[in-house]
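Heavy-atom basis, side chains included; hydrogens, waters and symmetry copies ignored.
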Amino acid sequence: MPTLPAVRSCPFAPPDEYLRLRDAGRAVRVRMPTGSTAWALTRHADVRAVLGDPRFSSDRRLPQYPFFAPTQPSAHAPARISLIGMDPPEHSRARRAVVGEFTVKRLEALQPRVQQIVDEHVDRMLAGPRPVDLVEALALPVPSMVICELLGVPYADHDFFQTRSGLLLSRVPTVEERNQARGELWGYLGRLIDAKAAAEDPGDDLMGRQIARQKAESGGVDREALIALGFLLLVAGHETTANMISLGVMALLSRPDQLAALRADPSRTPAAVEEMLRIFTIAEFVNARVATEDVELAGVLIREGEGVVALSSVADHDPEVFPEPAALDFDRGARHHLAFGFGIHQCLGQNLARQELRTVFDTLIRRVPGLRLAVDPDELPYKDDAHVYGLHELPVTWD
């Protein structure tokens, strides 16, 4: 029986093991790192079906939930689960309370600040020595600073939460090390929320507005719920976008024809971003579910209590939906990819991520026309050891 997760042999394609699962059938039994078994789905239609079906639960407290890394009870275990681990109606209430923070109007108001943050980091990069690691110079700090300002988290603490986030998303640390990192980050956010809640003005940021709203509605603050929300947004809000920035720049520098096309017509950047999101599909560990009743799906009977993993990376390379899927084609029209998931758990911050990616790519193309890789592409260190795919380093230089 195949064991998940698998690693990629090519950055522009899903792991070979996932492609073999797709060739083996519409649903295949696999073994998870915890020792449990689950059904793996690989077709685009099947992945959409399971992620959109309320008979499949996201509750990570269920016994057969298929985790992508070993787990064990911990003193550092959060008292509350976050949005991605909830089912309706709890999920509906929690998402409704925060969805207004990511409206088009609010993101449009944020755009000048996003551009300023990108420009400041490009200025600093151009003024420094070359070659430079673009991950450290741009890809990581830009989304970290954006999500900090959005949430109301001090960016001065970025080393602390980036280190813990990295541990949580890596497959290398032990269970105890991940639990320790989760507890420290949970405690950090708890102290931050306590300070905001005690202040006369909690601040005009996402956390501050949530605290003010809760006080107005109930007279109190749901501390654990706010920690869970901040935890999810802080970790997901910078790690995923940072990895997509570095992979996207790598893709542009590795495909001169596609880079030239964007340089000639910058209005194509939104389509390019969608295609990059599709071809890399960097996070799929959140697309695990447990059947809450017997369901016939993907040609098999999935029984109540069985785990399911929806492999979105290979679904986004389904040749019936995306012909020649390994080809980076900005004219493809890949908007219906599954990089942000599907259904009620589709990524809350997806439009913010798109905004940051467009701004970074447009700015680099316009301001650093001579940007190029500083090493052979085969020497790039990819994150084959993490739950979110990306690059550990991206050495670049310019003319």
Side-chain angles (χ1 to χ4, degrees), residues 8 10-13 111-146 155 158 162 238-280 282 326-332 334 353-384 388-399:
R8 308 185 188 212
C10 170
F12 294 95
Q111 174 57 24
R113 179 57 181 147
V114 173
Q115 183 66 64
Q116 182 183 17
I117 290 172
V118 173
D119 280 332
E120 288 173 354
H121 283 83
V122 171
D123 287 343
R124 198 169 299 132
M125 184 180 83
L126 294 177
R130 66 187 91 166
V132 65
D133 175 14
L134 191 116
V135 172
E136 287 295 324
L138 187 72
L140 187 55
V142 165
S144 294
M145 188 169 285
V146 170
Y155 182 70
H158 68 97
Q162 284 173 0
H238 76 273
E239 281 284 350
T240 51
T241 307
N243 284 308
M244 272 307 305
I245 289 173
S246 58
L247 287 170
V249 172
M250 179 279 296
L252 289 173
L253 299 183
S254 303
R255 300 289 192 277
D257 56 329
Q258 300 289 335
L259 177 58
L262 278 194
R263 185 170 288 126
D265 183 4
S267 70
R268 300 177 67 192
T269 303
V273 165
E274 299 306 318
E275 173 66 347
M276 290 179 190
L277 289 164
R278 179 201 69 82
I279 203 163
F280 293 118
I282 60 174
L328 188 71
D329 179 3
F330 294 162
D331 295 323
R332 184 187 297 277
R354 289 185 169 105
Q355 180 183 39
E356 293 178 66
L357 292 169
R358 289 196 300 266
T359 306
V360 167
F361 297 149
D362 278 341
T363 304
L364 282 177
I365 289 170
R366 173 170 47 85
R367 295 193 55 191
V368 199
L371 188 70
R372 64 181 186 276
L373 293 176
V375 299
D376 189 291
D378 292 338
E379 298 176 13
L380 293 173
Y382 290 94
K383 291 185 175 179
D384 296 317
V388 177
Y389 190 61
L391 278 155
H392 288 293
E393 296 177 2
L394 182 60
V396 297
T397 190
W398 52 91
D399 298 328

Spacing of F361 atom CZ and T269 atom OG1 [to the nearest 0.5 Å]
9.0 Å

Derivation and outcome, side-chain contact (heavy atoms from CB on, under 4.5 Å), residues L140 and I245:
CA-CA 8 Å; L140 187 55; I245 289 173; over 6 Å; no

Can you name the closest pair of heavy atoms from V135 and L391 and give their distance?
CG2-O, 3.8 Å

How long is the gap from CZ on R366 to CG on L262, to the nearest 0.5 Å?
13.5 Å

For R130, what residues pass the side chain to side chain donor-acceptor pair (under 3.5 Å) criterion, not counting sequence neighbours?
none

Between R124 and L138, does the side-chain contact (heavy atoms from CB on, under 4.5 Å) criterion hold? Intermediate values first, please.
CA-CA 9 Å; R124 198 169 299 132; L138 187 72; over 6 Å; no

Looking at V368 and M125, what are the two nearest heavy atoms and their distance?
CG2-CE, 4.5 Å

Step-by-step side-chain contact (heavy atoms from CB on, under 4.5 Å) determination, V146 to E356:
CA-CA 9 Å; V146 170; E356 293 178 66; 3.9 Å; yes

Distance-only criterion, 3.5 Å: show the donor-acceptor pairs between side-chain atoms of residues 248-259 and protein atoms not counting sequence neighbours.
| unit_1 | atom_1 | unit_2 | atom_2 | d |
| --- | --- | --- | --- | --- |
| S254 | OG | M250 | O | 2.7 |
| Q258 | NE2 | L328 | O | 3.0 |

Is it true that a side-chain atom of R358 and a backbone atom of V273 form a donor plus acceptor pair closer than 3.5 Å?
no

State, to 0.1 Å, how close Y155 and S144 come at their nearest heavy-atom pair, and which atoms those are.
CE1-CB, 3.7 Å

Kindly determine whether Q116 and D119 satisfy side-chain contact (heavy atoms from CB on, under 4.5 Å), including the steps that lead there.
CA-CA 5 Å; Q116 182 183 17; D119 280 332; 5.8 Å; no

Using 0.5 Å steps for rounding, measure from the CG atom of L134 to the NE2 atom of H121.
11.0 Å

Separation between CD (E136) and NE2 (H392), nearest 0.5 Å, reads 12.0 Å

Give, for atom CZ of R8 and atom CG of D384, the distance between the pair rounded to the nearest 0.5 Å.
9.0 Å

For a quick test of reading the model, state the closest non-hydrogen atom pair linking V388 to N243 and the distance between them.
CG1-ND2, 3.5 Å

Would you name the heavy atoms of A326 and I279 that are closest together and state the gap between them?
O-CD1, 3.5 Å

What residues, two or more places apart in sequence or in another chain, satisfy salt bridge (Lys or Arg N to Asp or Glu O under 4.0 Å) together with E275?
R278, R332

Can you tell me how the ring of Y382 sits relative to the ring of Y389, calling it parallel under 30°, perpendicular over 60° and tilted otherwise?
parallel

As an exercise, state the distance from CD of Q115 to CD of Q355, rounded to the nearest 0.5 Å.
10.0 Å

What closest approach, in Å, do P131 and A374 show between heavy atoms, and which atom pair accounts for it?
CB-CB, 3.6 Å

If you define the side chain from C-beta out and look only at heavy atoms, does anything of M276 sit under 4.5 Å from L357?
no

